[in-house]
Each structure stands twice: as structure tokens, then as C-alpha cells.
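See structure below.
Atoms considered below: every heavy atom in the structure, side chains included; atoms not considered: hydrogens, waters and symmetry mates.
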Amino acid sequence: METTVPERGTGGRAAPVPRRPGRSPALSSGITKAAARIAAFAVCQAALVAGAGLLITGPARGLWPMTAEDAAVEALEDARTATLDTASSVASALGDTATVVGITLLVCLGLVLVPRLPRWREAVFLAVGVSLQSAVFVLITASVDRTRPDVERMDASPPTSSYTSGHTGAATALYAGLAVLVLSRVRAPWRRPLAAVLLLLPLLVGLARLYRGMHHPTDVAGGLANGALSLFVVGRALLPGHSWVGRPPADALGIAVAAAEQRPAPARRQATVIVNPTVTDEATREQLRLVLAQHGYRDTPFVDTTAQDPGGGQTAGALRAGAELIVVCGGDGTVRAVADALAGTGVPLVLVPSGTGNLLARNLGLPLGPADALAAGLTGEPRALDLGRIEGDGFPAVHFTAMAGAGLDAAMLEETSDRAKSALGWPAYVLAGAKGLRAPRMRLTATLDGGPELRRTARMVLIANIGTVQAGAAPVPDARPDDGLLDLAVFDPRGAGGWLRAAGVLLRGGGRGRGAKGPGANGTGPGASGRKTTAPSSTADSARGPVEFHTFRRAELSFARPQPREVDGDPVGPGLRLAAEVRPGALTVLMPAGER
């Protein structure tokens, strides 16, 4: 839906303006267009393959190679052995309906649930590719009536026509689709051999169907064509980089600029976009440029981070060049580096989440789609947020936006290799965490705001500026990024019961509870101000629960022996000390009006 307003100087001629602020019409028509093109090309695909079948069974049935098909199938029948029978049964089963549907479902669930970055588009590509092949297959068999070869058939004959081979078509759509995903999304050296094996499977399925007397060679060729065309059509529509759905119309920039001219014209700041290239593809960049142009930011520079400089140097350079607005497009590590450079400058920041956790954006309730997040920020209002400042032996003082800590969580991050994360996603952290459970508990001493020393044992400690993480878990449920305080959480579960209680705190988000105080923990006072209070307790260890909470403005933590440590998800090496303090209102973030 669009509304129109009279265009100045054009005699009242109306120009389209998006109804939703920040949503360009150039960015809202891709899905519908992609679906329409898939449908149109699917009809053409069905007509092409069915037409070839009608040709094979009609005018061309007396021509070679159709005249040699029966002899080829009979030769395979004569070559049957017990070993080949078993091998062909296994190969044919790879194209069975139950096998194809089951593997497709498992892979799609894995693409969505397992990776650190859910691959929704790749999952839809595979599911729609297999489904489209099946739909076209049904249309073809209804149009082309071809009997099966006149040999002893080793499988029960389904009621469908011999043309095309449904097993071969389904296997092509599934296994060739997996090969496309492996080649386009995996960077490991084994990706090419794996893709070659996957591409070989449909050929083996087709050969098995010939061997078992179920199809003619041209039936198998038709199945291969049907599956391959299905993947081509759906891949062009959905896969990033060359997809119809991700490609704005040719006049998209003109549409965006026209929309910007219809908006009220506040003073535009000089902006710079800091981009993590490992989590931001070209299609996303193109959409961000359109949103920027729609809001009057034309020719905004995009500056990539590097492995050596994750964003701090680029931000400092942009500030020296006169940037008055910074847009950060990346994950938690990129946001931390940019925020560290912006701390205390007053230059506003727009968050465009593109990484794994995106914890600050989630806790602020910002949109998680890059284009929506950018539009929300550019039309938003400045809000002052706290930063944590942390230092320790072995690393200099840095700011953090979300959490820092020591112990089990840092060990998980430190022990998980990039290869394991790429192959397994978040389960790789679980495996590393299981290894960390064998380590002995840490002994630590904490001093909060100059108070008495707290001596504790723990599996891990978290220093938090925000409360929740992925999947709604809340390890530090009362932490807020604008309350002028940081939160300390000490996790020390003992036995199965302790771990269950700790898990309950994480899942319910009710460690302290609003306005409640627990033994040995500082609560959120129920007073009129709603502010947290800090009054460290000296309750005995036996009276404390598996998770203990405190709030503070400055904390000193020391460990009896070196512990792994992390800052906003990045390991900083083992050490004996952490010192953290809050910097109230040090970071200015642009947020949608009313978000508080």
C-alpha cells in the first residue's frame, strides 16, 4: 500500500511515498516478483520437458536413439548379478520419495537451526527446488503416456508414466542442490570433492533405474533435465548475489531518491558505513545504499573492516574525515570495536545487525533485518547508552557493549575453532563447553565499589551491560544498557540439581527477579526510583544459590590462577585479573521514536 502527496512545483502531480517510514518501494517488490517468475518459468519448464516426451513417444519414436533404447535395457537385464542387484537397490533407494523428503527436511532444519547465521534463503532454495521438480513431474506424467520397458522389472511398477524418471528427477533436485550449496557456501578444501560426489549420485540413481528395468534411457534423461531446470529456476530466484528477489529494479535508486525528496528535509549529517565483509554480502550492501539514498544520504562511503582492524581504526579515520554519523553493519565484535572508538564523542551510531549474536540490537528491540534496522535508525531519535570499560593483565583497557567474563563461557569461545564453527554452528560451542566442565572451579575475589571483599568459587563470571542472549536466554536478567550500572553474575552450580536450577535462571530470566532480593545477591530495590542498589552480602557459600547477582559501578576481580577471559564474545587470553567500570551514557545510538 502506498499513499501519495502533491509534488511541489508540478501542479499537484502525485508522487508515491512509502506508507511505512524507511521502507522504500524499491525494496518491497522483490519477493512477489520472484514468485511470479518462478511460476512462469515452471510452466515453461513443464511445457519443454513434456514436449520432449511427446516428441519421443510420437514423431521421433522411429528415430535413433529411441530405436536403440529397448536393446540397451535388455542388455542391462542380461548383465544382472546378485552383487549388482544389491548395489542398484541401494542406489535406487537414494531417489525414493521417503529418502528425498526425509533428507530435504533434515537439511532444511539444519540450515535454519544449526549455523551461527541461519541460512533461510538456502533452506527455501532446496525445499522449493525439490517441490518444484515434483510438481512438474506430476504434470509431465499426466501429459505423456509411455509404457515401461518390456523386461523383467525388479521393482513394483508405480501407476505413473515411464516418462520421466521421478527417482532421477528428485535425486537431481536434492543432491545437485546440495552440491550448489556446498560450492557456494563452504570454503573448506574438501568442498569440491564433496560436490563431485553429490553430483554423481543422480547419475547412479538413473543408472540403477535403467538396470532394474524401470525406465528407458530417455526417461532418465528427462528426469535429469527436470531436476536441473528446477534448480536453475529456483536458484535464480532465491540465491544471493544473482537472485531476482535480491535484485532491486533498474530504477531503484531513482525511486529511493524521489522518496527522499518527498520527506521533510532535516539537516543531513555526513555519514560513514563501517562494514564487516564476512557477514555482509553485496545484495545487502545494495539495499543499504538504497535506504541511505531514500533518506537523503547519497554517495555515503562504505569502509570494510579487516582481520587486523575489526572496526576501531576505520571509525577513527571516519571521525577525522568529518563523519557526523556512523553506521555499523556487522556482529557483536564489530559493534564493540566501533563503539570503543565512538565512546564519549557524542557522534551517533546506527546499528545494522548482520552477525551471529547481535546482542545489543536484540536487547534494544531493534529490527534484525539490515534494511529495516538502517531505516529505523535513520528515522530515529538519539538515546544515550552505557558502555563498560574493562582491562586486565595482558590486554589494554577497552569498551564493551554487551558482556565480558571469565571461566566456562570464555573457555568455550577460546576452544572452538573457526573450522568447527563453520561446520557445526552453535553446537561447536556446546562440545567445547563439555570439555570445559572437566576443568576445576575457579577461585576469585571480587571488590565492588570499594566494599568488602567477596571470596567465591565459580564455573564462570559475567560482567554484563545487557541481560539477554540468543533464544531468549537471560543469564543476567536485570542488566540494562541505560541504568548507569553494570551487573556481575557468578555461576557456581553444584550437582545435577544445581545445573537444573541454573538452567532455569537462564531460560526464565528470573535470577533476581524484579524487586526481589535473594541470599547473597543484590536485588533491584522496589523503591520509587526503580534503581538498582549495591550492597554486597557476606552470606556464607552454603546459603547461596547456583547463580549470584550484584550490581556495581566499578569492580575488581582477581583469580587464584589464570582464567580464560572474553570481551563481547572475543577471547582476550587467560589472566589473573579483570577490572571493569561503567561509563554512563558514553554511547549515543539512534533508535525508533518511543523505544525506551
Side-chain angles (χ1 to χ4, degrees), residues 29-61 63 65-66 69 95 97 100-101 104 108 121-146 158 160-181 183-184 198-199 202-203 205-206 209 215-252 283:
S29 59
I31 294 177
T32 302
K33 183 181 294 186
R37 290 189 176 184
I38 288 177
F41 276 86
V43 172
C44 296
Q45 172 186 336
L48 177 65
V49 182
L54 293 173
L55 183 65
I56 290 169
T57 58
R61 64 178 180 273
L63 302 177
M66 275 63 72
E69 288 192 295
T97 299
V100 171
V101 171
T104 302
C108 289
R121 189 171 293 192
E122 286 78 0
V124 173
F125 158 74
L126 189 64
V128 174
V130 172
S131 301
L132 178 60
Q133 179 280 145
S134 299
V136 174
F137 165 75
V138 171
L139 293 175
I140 293 170
T141 57
S143 304
V144 181
D145 184 16
R146 190 180 197 187
T160 54
S161 167
S162 180
Y163 183 90
T164 64
S165 171
H167 279 66
T168 307
T172 302
L174 172 59
Y175 301 115
L178 291 175
V180 169
L181 296 183
L183 289 173
S184 61
L198 290 169
L199 291 173
L203 300 177
V205 171
R209 300 304 285 171
H215 293 286
H216 308 88
T218 49
D219 301 336
V220 170
L224 290 169
N226 184 30
L229 286 172
S230 297
L231 289 180
F232 174 78
V233 170
V234 177
R236 288 290 297 176
L238 296 178
L239 289 182
H242 55 266
S243 63
W244 295 321
V245 71
R247 183 179 298 165
D251 59 346

Ignoring hydrogens, what is the shortest heavy-atom contact between [X] and [Y]? Give both atom names and the distance.
X: G129; Y: A173; answer: O-CB, 4.0 Å
X: E69; Y: H216; answer: OE2-CB, 3.5 Å
X: G95; Y: A171; answer: CA-CB, 4.4 Å
X: A127; Y: S131; answer: O-OG, 2.8 Å

Would you indicate whether the side-chain heavy atoms of R146 and T218 approach each other to under 4.5 Å?
->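 Of all side-chain heavy-atom pairs linking R146 with T218, at least one is under 4.5 Å.
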Reported [atom1]-to-[atom2] distance for the pair [X] and [Y], which is rounded to 0.5 angstrom:
X: Q133; Y: L174; atom1: CD; atom2: CG; answer: 10.0 Å
X: Y175; Y: L203; atom1: OH; atom2: CG; answer: 13.0 Å
X: L183; Y: L178; atom1: CG; atom2: CG; answer: 11.0 Å
X: E122; Y: L181; atom1: CD; atom2: CG; answer: 6.5 Å

Mind listing the side-chain donor-acceptor pairs of residues 136-145 below 3.5 Å, one per line with the distance, residues two or more places apart or on another chain?
from, atom 1, to, atom 2, distance (Å)
T141, OG1, F137, O, 3.2
T141, OG1, V138, O, 3.0
S143, OG, L139, O, 2.8

Taking only residues two or more places apart in sequence, or in another chain, which ones meet S134 in a side-chain hydrogen bond (donor to acceptor under 3.5 Å, both in side chains)?
->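 Listed in chain order: nothing, the list is empty.
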Mind checking what makes side-chain hydrogen bond (donor to acceptor under 3.5 Å, both in side chains) contact with S165, not counting sequence neighbours?
->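 Checked S165 against side-chain hydrogen bond (donor to acceptor under 3.5 Å, both in side chains); matches are T168.
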Got a sec, which residues hit side chain to side chain contact (heavy atoms under 4.5 Å, CB included) with A42, two or more places apart in sequence or on another chain?
->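 With sequence neighbours excluded, A42 shows a side chain to side chain contact (heavy atoms under 4.5 Å, CB included) to L132, given in chain and number order.
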State which residues pass side chain to side chain contact (heavy atoms under 4.5 Å, CB included) with A176; sequence neighbours excluded, sorted by chain then number.
->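 Scan of A176 (side chain to side chain contact (heavy atoms under 4.5 Å, CB included), adjacent residues dropped) gives T172, L199, L231.
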Under 3.5 Å, is there a donor-acceptor pair between the side chain of R61 and the main chain of G58?
->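 Pair found, side chain donor or acceptor close to backbone of G58.
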For residues 49-57, dump all side-chain donor-acceptor pairs below 3.5 Å to protein atoms at least two apart in sequence or in another chain.
from, atom 1, to, atom 2, distance (Å)
T57, OG1, G53, O, 3.0
T57, OG1, L54, O, 3.4

